[in-house]
Amino acid sequence: MSMNELPRIAFIGGGNMATAIIQGLITSGAQPDRILVAEPLKQKRQELTNQFGVLPFPDASTAVCDAGVVILAVKPAIVETVLSQIADTLLPNAVVISIAAGVTIDAMMSLLSASQPVVRVMPNTPALVAAGMSVLCPAPHTTDAQLALATRILDAVGQTATVRDESLLDAVTGLSGSGPAYVFLIAEALSDAGVSCGLPRPLADQLAIQTLLGSSQLMSQTGEHPAVLKSQVTSPGGTTIAGVMTLEQSGVRGALMQAVQAAWKRSQELGAR
Ligand SMILES: NC(=O)C1=CN([C@@H]2O[C@H](COP(=O)(O)OP(=O)(O)OC[C@H]3O[C@@H](n4cnc5c(N)ncnc54)[C@H](O)[C@@H]3O)[C@@H](O)[C@H]2O)C=CC1
Ligand SMILES: O=C(O)[C@@H]1CCC=N1
């Protein structure tokens, strides 16, 4: 199926994540006039129309009436309100894709007809530059073809993976959903460190960002385990092992593991409400 054979796609919410996915779809060849966006803020509607040529709607129920895919890209707290608004106009076979953190498939199904196809997804913000990581979890009654359609849409903004056990999405949220913030924090700290050793800030920023990017590309493109690549940087008695030793002494591994676990637990709490 090529991008211009995709069904009409309605986005509910035209914020950061919706914009990223719309950009990805259009870059991959989707037709803008087959993308509908319901967004209450007039300025955001106009920006999306001007930038991409998508069709704007001030409210959700009219946007979904002939859409084969509906992407819920609103804040978690208003997903249920939106679902009650669209439940009557939604096509029976429309695939509902939710990217809202912590909103469970059961919570969505309680407001939809029992046969409505649903896929819950946890994406991340590098989707904005087509380098996202999205993990999909289909509701049990969703068909493989409906899951494939959702996967195709998220493939436009980066890599995708699928889990069948919905509870794993909390761990996904802790690692790849929230993870970009940990990496940005590390980049900021590396740059501060460079400044503390006398580098000018713009150069320190450049070194920090390119070191993270280059190291990520090296891991991704060689497929080598991080431990192997780390040992290649670490000369006997050299500079790197001196730096690595202080990182180990300050417990950086445990700190990162605790960060992912804290976000994992918070995601579980949000989902249990
Ligand atoms: N930002 C992130 O790192 C990630 C966010 N998510 C999830 O993505 C979802 C969207 O997040 P963002 O795009 O960052 O938020 P955002 O605040 O940029 O976008 C939400 C948009 O929904 C609009 N909206 C509010 N009420 C509406 C309604 N009744 N109908 C239609 N639109 C309405 C708002 O005006 C806003 O433009 C959230 O549920 C979040 O949990 C998931 C993974 C990562
Ligand atoms: O912080 C949050 O709740 C959302 C979910 C993953 C990234 N941002």
Side-chain angles (χ1 to χ4, degrees), residues 9-18 20-21 38 60-61 63-64 67-125 127 132-154 157-181 259-273:
I9 303 174
F11 284 82
I12 312 303
N16 290 316
M17 294 305 295
I21 300 170
S61 58
V64 302
V69 174
V70 173
I71 302 184
L72 304 176
V74 291
K75 291 293 181 197
I78 61 168
V79 167
E80 297 189 13
T81 314
V82 163
L83 282 178
S84 9
Q85 282 168 2
I86 64 174
D88 291 341
T89 43
L90 204 54
L91 294 177
N93 287 330
V95 180
V96 176
I97 300 175
S98 165
I99 62 166
V103 181
T104 62
I105 292 172
D106 274 354
M108 289 188 276
M109 290 314 299
S110 69
L111 295 158
L112 293 168
S113 91
S115 56
Q116 193 79 45
V118 167
V119 180
R120 186 178 158 197
V121 180
M122 177 47 56
N124 66 9
T125 58
M133 182 69 232
S134 303
V135 180
L136 293 83
C137 178
H141 59 279
T142 302
T143 66
D144 286 348
Q146 290 160 341
L147 173 63
L149 175 59
T151 304
R152 196 170 161 65
I153 292 170
L154 274 309
V157 289
Q159 294 187 9
T160 52
T162 299
V163 295
R164 302 274 169 179
D165 173 356
E166 189 181 1
S167 70
L168 292 178
L169 284 187
D170 293 314
V172 168
T173 305
L175 179 47
S176 56
S178 300
V260 173
Q261 285 207 350
W264 168 54
K265 288 187 180 136
R266 182 65 188 138
S267 179
Q268 289 171 332
E269 284 168 16
L270 292 174
R273 279 196 314 204

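Of the inter-residue distances, the one linking L147 atom CG with L136 atom CG reads 6.0 Å to the nearest 0.5 angstrom. Atom CD of Q116 sits about 8.5 Å away from atom CG of L91, to the nearest 0.5 Å. To the nearest 0.5 Å, the span separating CD1 on I78 from CG on L83 amounts to 10.5 Å. With values rounded to the nearest 0.5 angstrom, I99 atom CD1 is found 8.5 Å from L154 atom CG. Interatomic distance, L149 CG to I153 CD1, rounded to the nearest 0.5 Å: 4.5 Å. Rounding to the nearest 0.5 angstrom, the gap separating the CE atom in M122 from the CG atom in D170 is 8.5 Å.
In terms of heavy-atom proximity, A63 sits nearest to A38 at CB-CB, 3.9 Å. Nearest heavy atoms, A73 versus A18: CB-CB, 3.9 Å. When every heavy atom of A114 is checked against every heavy atom of M109, the shortest pair comes out as O-CE, 3.7 Å. Minimum interatomic distance between A150 and V119 (heavy atoms only, all atoms of both residues): CB-CG2, 4.1 Å. Taking all atoms of both residues into account, the shortest heavy-atom contact from P180 to G177 is CD-O, 3.5 Å.
Between the side chain of S178 and the backbone N or O of G174, no donor-acceptor pair lies under 3.5 Å. Between the side chain of S176 and the main chain of V172, a donor-acceptor pair closer than 3.5 Å is present.
Residues in residues 72-97 take part in no side-chain hydrogen bond (donor to acceptor under 3.5 Å, both in side chains) pair, two or more places apart or across chains. Every pair passing salt bridge (charged side-chain N to carboxylate O under 4.0 Å, His left out) that includes a residue from residues 112-123 is listed here, sequence neighbours excluded: R120-E166. Evaluation of the side-chain hydrogen bond (donor to acceptor under 3.5 Å, both in side chains) test over residues 132-150, restricted to residues two or more places apart or in two chains, returns T143-Q146.
Evaluation of the side chain to side chain donor-acceptor pair (under 3.5 Å) rule for S61 yields D59 as partners, not counting sequence neighbours. In this structure, the side chain to side chain contact (heavy atoms under 4.5 Å, CB included) partners of L168, at least two apart in sequence or on a different chain, are V163, D165. For T104, there are no side chain to side chain donor-acceptor pair (under 3.5 Å) partners two or more places apart in sequence or in a different chain.
By the 4.5 Å heavy-atom criterion applied to side chains, C137 and I105 are counted as neighbours. Under the 4.5 Å side-chain criterion, counting only non-hydrogen atoms from C-beta, V70 is in contact with I12.
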